[in-house]
Chemist: 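Here it is, the structure, as structure tokens.
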Amino acid sequence: MATIMHVDMDSFFAAVEQRDNPELRGKPVIVGGTRDSKRGVVSTCSYEARKYGVHSAMPIAQAVKLCPHGIFIPGDHKKYAAVSGQIRSVFYRFSPVVEIVSIDEAFLDMTGCEHLYGSLEDLGRAIKEQIYETVSLTASVGIGPNKFIAKLASDYRKPDGLVVVRPEEVWDWLAQFPVKKVWGIGQKTAEILASWQIYTIADLRRCRRETLVERFGKYGDTLYQLARGIDPRPVEPESETKSLGRETTFETDISALPKLRQVLAELSAEVGYRLRRHGLWARTITVKLRYHDFTTITRSASLPEPVNNDDDIFSTACQLLVKNAGSRPVRLLGIYVSQLTSFGQASLFSDPRREELARVMDELNTRHGRRVIYKGRQLPLDSGGK
Ligand code: TTP
Ligand code: MG
């Protein structure tokens, strides 16, 4: 049986602000924009502000109404990224198998290391203490037999929580949760389930596997398993990432440049999303082309500064594409980024509005667990994207 630990910092950006300015402690602190910022959204807020109903992704203007005496701060992403780096270094003291999920959150595979600690509770306390000693911030920790349980557990007693769920406790402990807590269930799926009178995981267990598969396809099977506390997803370390990329093979070869550009835009967006999710920047962009006769070429360009914005990735890749495609039919198109660095500074030509747009798009896409917002250039040409 595996032992997975999930660590998530408490009100991360707001907690960093409270740490660095004692006057803010114990007060409702809202990070994301100044009080008068017209179009800002809340990145996060302190637990004191949550009592008023303020939460992440809410327009600042609404937060001002709910919490007029709140302290509104634009935020300092570079500082948060630096703190995140310090926290990561603590994770690696505990396990080499660390999956960084976001700026303040990670899974650690502790399987086989349990005996190094008196108990799983001791393990959880140890990592919380070491994080606190390193960055003077509290984290919530969940420990369970898989990722799904570990993440639910870290959320269960937030802030400053520590929850251990042993394999034999999973069945009963899980039953209470609303279906919304199940990985992958969004508003829409929850509504469908509600129309079947299914509100909790206990309710969900009454659903036959066949019924779920019939309604939700392959995900129905996942749902069936998650409801029973089964989650085979491994912890996927990506700390050693030297390069990352995406490629696609076409069903029929493509010669038309506009079509290839559209696919490249889509691939660039996926690669950009993955870079940003891992707090990485890339200096080298590579385009891979396999022609109809299987000859394969890669062409790279190195940039003066590391980038992780879709626009930068796409424009560089597109230049490489244009030089090498358009005449011969293409079987496969791929894009890779390499020379990766963590926490690169925003590029020289960076436009804060563009960074903000990327952040908002990423948030929406992450929240929905799938792509819900696109740039026009990614749209298929036959659906009006010409
Ligand atoms: P979360 O871990 O989701 O939130 P949190 O750490 O602020 O609070 P909690 O105690 O509930 O874990 O996100 C981590 C950071 O990511 C958060 O401090 C700010 C940023 N963030 C945004 O900028 N926008 C968002 O919509 C969310 C959810 C987070
Ligand atoms: Mg957090």
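Whatever order the structure lists ligands and atoms in, that order sets their numbers, starting from 1.
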Chemist: With the Mg ion (ligand 2) at the centre, find the angle made by O from Met9 and OD1 from Asp8, to 10°.
Modeler: 80°
Chemist: I want to check a possible cation-pi pair here: Arg166 against Trp173, using under 6.0 Å from ring centre and within 45° of the ring axis as the test.
Modeler: no
Chemist: Using a strict 4.0 Å threshold on nitrogen-to-oxygen distance, state whether Lys78 and Asp76 make a salt bridge.
Modeler: no
Chemist: Between Phe72 and Arg35, is there a cation-pi geometry (under 6.0 Å to ring centre, at most 45° from the normal)?
Modeler: no
Chemist: So, is Phe13 polar-close to ligand 1, with some N/O to N/O distance under 3.5 Å?
Modeler: yes
Chemist: Students often mix this up, so state it plainly: with edges at 30° and 60°, are the rings of His6 and Phe107 parallel, tilted or perpendicular?
Modeler: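 His6 and Phe107: tilted rings.
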Chemist: Counting C-beta onward and ignoring hydrogens, is there a side-chain heavy-atom pair between Val182 and Phe148 closer than 4.5 Å?
Modeler: yes
Chemist: With the Mg ion (ligand 2) as the reference point, give the N/O/S atom of Asp104 that is nearest.
Modeler: OD2
Chemist: Does His77 approach ligand 1 within less than 4.0 angstrom via side chain, backbone, both or neither, non-hydrogen atoms only?
Modeler: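 None of His77 does.
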Chemist: For ligand 1, does Met9 get within less than 4.0 Å through its side chain, its backbone, both, or neither, judged by non-hydrogen atoms?
Modeler: backbone
Chemist: When you measure from atom 12 (O) of ligand 1 to each heavy atom in Asp8, Val101, Asp10, which option holds the nearest one?
Modeler: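 It is Asp8 whose heavy atom sits nearest to atom 12 (O) of ligand 1.
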Chemist: At the 4.0 Å heavy-atom cut-off, does Ser11 count as touching ligand 1?
Modeler: yes
Chemist: Which atoms of ligand 1 have any heavy atom of Tyr47 under 4.0 Å away?
Modeler: 9 (P), 10 (O), 11 (O)
Chemist: Output the list of atoms in ligand 1 that are nearer than 4.0 Å to some heavy atom of Ser56, sorted by atom number.
Modeler: 25 (C), 26 (O), 27 (C), 28 (C)
Chemist: Any atom of ligand 1 sitting under 4.0 Å from a heavy atom of Glu105?
Modeler: no
Chemist: Considering only heavy atoms of Phe12, which atoms of ligand 1 have at least one such atom less than 4.0 Å away?
Modeler: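 Counting atoms of ligand 1 from 1, those under 4.0 Å from Phe12 are 5 (P), 6 (O), 7 (O), 18 (O).
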Chemist: Between the candidates Val41, Val16, Val31, Thr44, which shows the shortest non-hydrogen contact distance to atom 4 (O) of ligand 1?
Modeler: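 Among Val41, Val16, Val31, Thr44, the closest heavy atom to atom 4 (O) of ligand 1 belongs to Thr44.
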Chemist: Mark up the atoms of ligand 1 that fall under 4.0 Å of a heavy atom belonging to Arg50, in ascending order.
Modeler: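 Listed by number with element, the hits are 5 (P), 7 (O), 8 (O), 9 (P), 10 (O), 11 (O).
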Chemist: Determine whether the aromatic ring centres of residues Tyr219 and Tyr224 are separated by less than 6.0 angstrom.
Modeler: no
Chemist: Taking heavy atoms and a distance under 4.0 Å, where does Tyr80 meet ligand 1: side chain, backbone, both or neither?
Modeler: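 Answer for Tyr80: neither.
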Chemist: Determine, for Trp171 and Arg205, whether the Lys NZ or Arg CZ falls below 6.0 Å from the six-membered ring centre while staying within 45 degrees of the axis.
Modeler: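 Verdict for Trp171: a cation-pi partner in Arg205.
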Chemist: Is Arg208 salt-bridged to Glu210, going by a charged N under 4.0 Å from an acidic O?
Modeler: yes
Chemist: Is any side-chain heavy atom of Leu212 less than 4.5 Å from a side-chain heavy atom of Leu204?
Modeler: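 A side-chain contact exists here, since the closest heavy-atom pair is under 4.5 Å.
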